[in-house]
Visitor: 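Please read through the structure below; I'll follow up with questions.
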Amino acid sequence: MLTTRPRGTSDIIPGQVEKWQYLEHVFRRLCREYDYAEIRLPIFEHTELFQRGVGETTDIVEKEMYTFLDRGKRSITLRPEGTAPAVRAYLENRLYAGPQPVKLYYTGPMFRYDRPQAGRYRQFHQFGVEVFGAHDPAVDAEVIAMAMDFYSRLGLQGLELHLNSVGCPGCRAVLRKKLQEFFRPHLDGMCADCRGRFERNPLRILDCKVERCREVSTGAPTTVDCLCPDCAAHFQAVQDYLAVLAIPYVVDPRLVRGLDYYTHTAFEIMAADIGAQSSIGGGGRYDGLIEACGGPPTPGIGYALGLERILLTMERQGCAFPPPEGPDVFLAVAGEPASLEAVRLLQQLRRAGLAAARDYLGRSLKAQMKYAGKLNARYVVILGGDELARRVVTLKDMAAGTQEEIPADRLVDGLCRRCRES
RNA sequence: GUGGAUGUAGCUCAGUUGGUUAGAGCACCAGAUUGUGGCUCUGGGGGUCGUGGGUUCGAGUCCCAUCUUCCACCCCA
């Protein structure tokens with residue numbers, strides 16, 4: 001073999017791809033019911049979109065982006081997430097001039113230069129939604145409910161919804177000051193990362209995984225302690241809506257999302273038993289982002305769901321997928337004259353809307369039957385010299401094992417009727 | 001980016017202290033049944049032992065490098 005697929009990418013082959021199609025089908029149906037419109041965005045963007053939109057100090061921008069110069073010497077980046085491109089498209093296409101809010105969904109691959117492991121790949125796939133132009137906490141609750149609805153339609157169980165509010169910039173400033181006061185006396189005992197975070201972004205100390213830092217930070221002031229009255233009211237309202245929807249959650253003051261532009265609501269959905277990469281989706285509000293990207297002050301909120309991790313969880317939990325579909329009918333052909341007739345019949349069957357296949361390898365009838373069985377064909381039409389001469393075909397029901405002879409010119413109608421009936 | 005494992009047929013794996021022509025099950029193809037799938041039996045095709053170096057009379061086996069995948073960290077979906 002000349003070469004293999006690049007590290008951290010995967011081929012989704014027949015047998016697997018049906019599962020992806022199923023998830024897409026369920027998600028599109030969900031978006032229709034929640035009234036979100038699809039937007040299709042480029043897979044690469046100008047690098048500065050992510051530098052500004054995601055944040056210079058985030059891990060994504062600092063070390064995970066696929067960035068290259070194109071032939072016109074422009075710096076291009078394979079999109080590592082969907083929110084910044086959606087914001088860009090909202091502004092560039094002046095969607096703010098239409099009815100608000102604008103509710104969008106997207107699907108597709110994202111790229112991050114990470115070291116692969118179970119549930120983490122360099123090209124991975126997300127379903128996401130974004131709502132622009134509404135600050136109402138009912139929208140926060142709607143997008144959370146929508147994400148949870150998606151999981152539940154797939155049959156996933158035992159998921160944990162983590163919820164937090166990181167407040168507005170005013171709350172963040174208060175918290176920052178309080179955190180620095182709290183951690184200053186303990187700095188010597190903390191990890192190097194956290195000593196760096198102390199100046200740059202003390203919020204991030206709260207989700208440090210180092211044991212010593214966790215001990216130190218128990219009792220530290222949290223986001224929730226520092227919310228201003230408006231932010232506290234917003235957070236409470238989100239929780240009230242979730243209560244009405246009977247969606248269980250845990251308030252997790254340590255949930256501090258990695259992207260700089262998040263304000264207010266932050267949430268993440270965790271699945272047990274798929275390893276360390278247990279987050280199967282997450283999102284939050286970003287009321288400052290659109291303005292930061294050069295647009296009018298506009299609130300926004302969204303989430304993204306990780307398809308590879310969802311599939312992994314579904315497989316671990318034994319969730320059901322639609323059964324594999326074979327052709328409605330397989331034409332078994334004996335002899336060359338029959339082959340000519342088979343081509344004509346195939347065309348008629350397909351034009352009638354049936355999924356129809358035949359043999360192309362000159363196999364024996366027995367081998368063709370075996371092949372049809374493997375394809376999971378519902379019916380087999382046997383067409384040989386004998387049938388041809390008498391203008392009939394033999395129609396076999398593969399599941400029942402029964403067969404009958406019918407006039408050739410009644411085959412298409414007869415098959416259509418049978419396939420519709422069951 | 002850091003640390004630790006892994007790699008033999010399409011898949012799951014065996015392969016002795018380094019020793020002749022690398023095996024099994026499943027899958028695939030064919031025959032038993034010259035026109036009938038699933039069960040059974042028989043036979044067949046398929047491997048540069050991840051890749052590249054090295055040690056040795058001799059390497060699937062030992063050493064080095066590299067790639068992949070997996071596990072953990074960082075971070076996230």
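By convention in this document, chain letters (A, B, ...) are assigned in the order of the sequence lines, proteins followed by strands, and residues within each chain are numbered from 1.
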Visitor: For a quick check of understanding: with a heavy-atom distance under 4.0 Å over all strands, which category does A/E268 fall into, base, sugar-phosphate or nothing?
Guide: nothing
Visitor: Any side-chain donor paired with an acceptor under 3.5 Å for A/Q123 and A/Y66?
Guide: no
Visitor: Ring centres of A/F127 and A/Y105 under 6.0 Å apart?
Guide: no
Visitor: Kindly point out which of B/rC76, B/rG35, B/rC74 is positioned nearest to the side chain of A/T394?
Guide: B/rG35
Visitor: Heavy atoms from C-beta onward define the side chain here; which of B/rU69, B/rA77, B/rC71 lies closest to that of A/R7?
Guide: B/rU69
Visitor: Quick check, are the ring centers of A/F330 and A/Y371 under 6.0 angstrom apart?
Guide: yes
Visitor: Using the P atoms only, state how far B/rC49 lies from B/rA32, rounded to an integer number of Å.
Guide: 37 Å
Visitor: Could you please name the partner base of B/rG1, counting Watson-Crick and G-U wobble pairs only when both distances are under 3.5 Å?
Guide: B/rC73
Visitor: A/F124 on top of B/rA77's base, within under 5.5 Å and under 30°?
Guide: yes
Visitor: Side chain of A/K370, heavy atoms from C-beta onward: which of B/rA77, B/rG37, B/rC71 has the nearest atom to it?
Guide: B/rG37
Visitor: Could you tell me how far B/rC28 sits from B/rG46 if I compare only their C1' atoms? Round to whole Å.
Guide: 9 Å
Visitor: Just call it for A/K374: base, sugar-phosphate, or nothing, with non-hydrogen atoms closer than 4.0 Å on any strand.
Guide: sugar-phosphate
Visitor: From the set B/rG35, B/rU36, B/rC71, return the single nucleotide nearest to any side-chain atom of A/A118.
Guide: B/rC71
Visitor: Please determine, for B/rA14, whether a Watson-Crick or G-U wobble partner exists with both distances under 3.5 Å, and give it or none.
Guide: none
Visitor: Less than 3.5 Å between a donor and an acceptor, one on the side chain of A/R115 and one on the base of B/rU2, is that the case here?
Guide: yes
Visitor: Measure from the side-chain heavy atoms of A/P116 and tell me the nearest of B/rU69, B/rU36, B/rC71.
Guide: B/rU69
Visitor: With rounding to whole Å, what would you report as the distance between B/rG58 and B/rG18 at their P atoms?
Guide: 16 Å
Visitor: Checking contacts here: which listed nucleotide (B/rC75, B/rG1, B/rG31) is nearest the side-chain heavy atoms of A/S364?
Guide: B/rG31
Visitor: Between A/K63 and A/G8, just flag the one whose closest nucleotide in RNA chain B comes earlier from the 5' side.
Guide: A/G8
Visitor: Pick the closest RNA chain B nucleotide for A/A334 and for A/Y151 by heavy atoms, then say which residue is nearer the 5' end.
Guide: A/A334
Visitor: Would you mind telling me which of B/rG37, B/rC75, B/rA77 lies closest to the side-chain atoms of A/S279?
Guide: B/rA77
Visitor: If you only use heavy atoms from C-beta on, which nucleotide in B/rG35, B/rG37, B/rA77 is closest to the side chain of A/M398?
Guide: B/rG37
Visitor: Using a heavy-atom cut-off of under 4.0 Å over every strand shown, decide if A/A367 touches base, sugar-phosphate, or nothing.
Guide: sugar-phosphate
Visitor: Could you label the plane-to-plane angle of the A/H234 and A/H264 rings as parallel, tilted or perpendicular, counting under 30° as parallel and over 60° as perpendicular?
Guide: tilted
Visitor: Under 4.0 Å, heavy atoms only, any strand: does A/E387 hit a base, just the sugar-phosphate, or nothing?
Guide: base
Visitor: If I pick the C1' atom on B/rU21 and the same atom on B/rG37, what distance separates them, to the nearest angstrom?
Guide: 38 Å
Visitor: Can you say whether a donor on the side chain of A/R309 sits under 3.5 Å from an acceptor on the base of B/rC76, or the other way round?
Guide: yes
Visitor: Hydrogens and angles aside, do A/S279 and A/E268 bring a side-chain donor and acceptor to less than 3.5 Å of each other?
Guide: yes
Visitor: Using OP1 and OP2 only, check whether a side-chain N or O of A/R363 sits under 4.0 Å from B/rC29.
Guide: yes
Visitor: What interatomic distance, in whole Å, is found between P of B/rG44 and the corresponding atom of B/rC26?
Guide: 15 Å
Visitor: Tell me whether the side-chain N/O atoms of A/Q368 come closer than 4.0 Å to OP1 or OP2 in B/rU36.
Guide: no
Visitor: For B/rG7 and B/rU16, measure between their P atoms and round to the nearest Å.
Guide: 14 Å
Visitor: May I ask you to decide if the ring planes of A/Y90 and A/F132 are parallel, tilted or perpendicular, using 30° and 60° as cut-offs?
Guide: tilted
